Each structure stands twice: as C-alpha cells, then as structure tokens.
Amino acid sequence: MVNVELRRQVINVYKELLWLGREYPLGYQYFRDRLHRAFTGQAHLTDEDQIRKGIARAEFVKKEVETLYYLKRYRTLKKRYESS
C-alpha cells in the first residue's frame, strides 16, 4: 500500500499543475490532456523512492511553467513600455 502522505503530495502537485495550465499558450485542454497522460503513465508505481522522484519531477515542471508565464509577462510589459 502506498503511503498516504505521498498520495496527498501527488494529488496536490497535480492540482497545482492543473491550475497553472489555465493560461498555457497551447490551451488548457492540451495541457490537461498531456498532464493526465503523464500522471496516469506513472500510476503503477509503488516504490516510495520512485514516487518521490516523480513528485520532484512534477515540481520541476511546475517551476518551468511558472517561469514561462513570468517570461511572457515580462516580454509583454517590455513591449508595452518600450520607447519607440
């Protein structure tokens, strides 16, 4: 049986990624489908170390998506306030 705390962490990171996917450039549906496939592809894992590695990878992806949004925002603001 999988550790309850690990299960909670997996669900939380999944929900956080889903929330971040709202404004994904290719659309929410694209992001949600890919995220769902990624998580269901790892659903068979029972080794706690492997699950922790998966959570760490999901946290990394979360940071990458956040960075993508910050970069998009920065470019928009720079374009808006750039002196012509």
Side-chain angles (χ1 to χ4, degrees):
M1 176 148 177
V2 177
N3 186 345
V4 176
E5 182 59 33
L6 283 177
R7 179 175 167 76
R8 187 173 300 129
Q9 288 177 5
V10 169
I11 292 170
N12 284 339
V13 75
Y14 182 78
K15 286 180 180 180
E16 290 171 0
L17 281 166
L18 266 181
W19 187 81
L20 281 174
R22 295 173 302 139
E23 298 179 25
Y24 195 72
L26 295 175
Y28 176 73
Q29 190 63 38
Y30 173 84
F31 186 86
R32 192 185 74 78
D33 291 343
R34 299 275 307 249
L35 181 66
H36 183 74
R37 266 187 275 142
F39 272 75
T40 54
Q42 301 299 314
H44 66 281
L45 294 179
T46 55
D47 182 34
E48 290 187 8
D49 290 334
Q50 292 295 324
I51 295 171
R52 283 191 179 89
K53 286 180 185 177
I55 292 170
R57 187 170 58 240
E59 291 289 340
F60 176 78
V61 170
K62 188 173 88 170
K63 289 177 188 175
E64 289 290 315
V65 171
E66 288 173 344
T67 304
L68 175 73
Y69 291 158
Y70 289 134
L71 183 60
K72 180 181 173 186
R73 184 175 170 198
Y74 169 77
R75 287 179 177 163
T76 302
L77 289 173
K78 184 177 177 186
K79 187 187 297 183
R80 187 176 298 159
Y81 294 108
E82 198 172 61
S83 60
S84 298

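All values derive from a computational prediction rather than experimental measurement.
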Which heavy atom of [X] sits nearest to which heavy atom of [Y], and what is that distance?
X	Y	result
V61	L17	CG1-CD2, 4.2 Å
Y14	H36	OH-ND1, 3.6 Å
I55	Q9	CD1-OE1, 3.4 Å

Working for side-chain contact (heavy atoms from CB on, under 4.5 Å), residues R73 and T76: CA-CA 5 Å; R73 184 175 170 198; T76 302; 5.7 Å; no

Under 3.5 Å side-chain donor-acceptor pair for N12 and E16: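 Absent: no donor and acceptor within the cut-off.
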
Aromatic ring pairing Y24/F31, orientation class (parallel under 30°, perpendicular over 60°, tilted between):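 Ring orientation of Y24 relative to F31: tilted.
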
Does [X] belong to the same Ile/Leu/Val/Met/Phe/Trp/Tyr cluster as [Y], with side-chain heavy atoms less than 4.5 Å apart forming each link?
X	Y	result
F39	I11	no
L35	L26	yes
L18	V13	yes

Stepwise side-chain contact (heavy atoms from CB on, under 4.5 Å) check, R37 with Q42: CA-CA 9 Å; R37 266 187 275 142; Q42 301 299 314; over 6 Å; no

Once rounded to the nearest 0.5 Å, what's the spacing between atom [atom1] of [X] and atom [atom2] of [Y]?
X	Y	atom1	atom2	value
T46	N3	OG1	CG	12.5 Å
Q50	H44	CD	NE2	8.5 Å
I51	E48	CD1	CD	6.5 Å

E66/K62 salt bridge by N-O under 4.0 Å criterion: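 Here K62 does not pair with E66 in a salt bridge, since their nearest N and O are not under 4.0 Å apart.
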
Residues E82 and K79 bridged, charged N to O under 4.0 Å: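 Between K79 and E82 there is no salt bridge, as every charged N stays at least 4.0 Å from the carboxylate O atoms.
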
Short side-chain to backbone donor-acceptor contact, Y69 and L20, under 3.5 Å: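 Side chain of Y69 to backbone of L20: a pair is present.
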
Min side-chain heavy-atom separation K15-W19 under 4.5 Å: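 K15 vs W19: side chains apart.
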
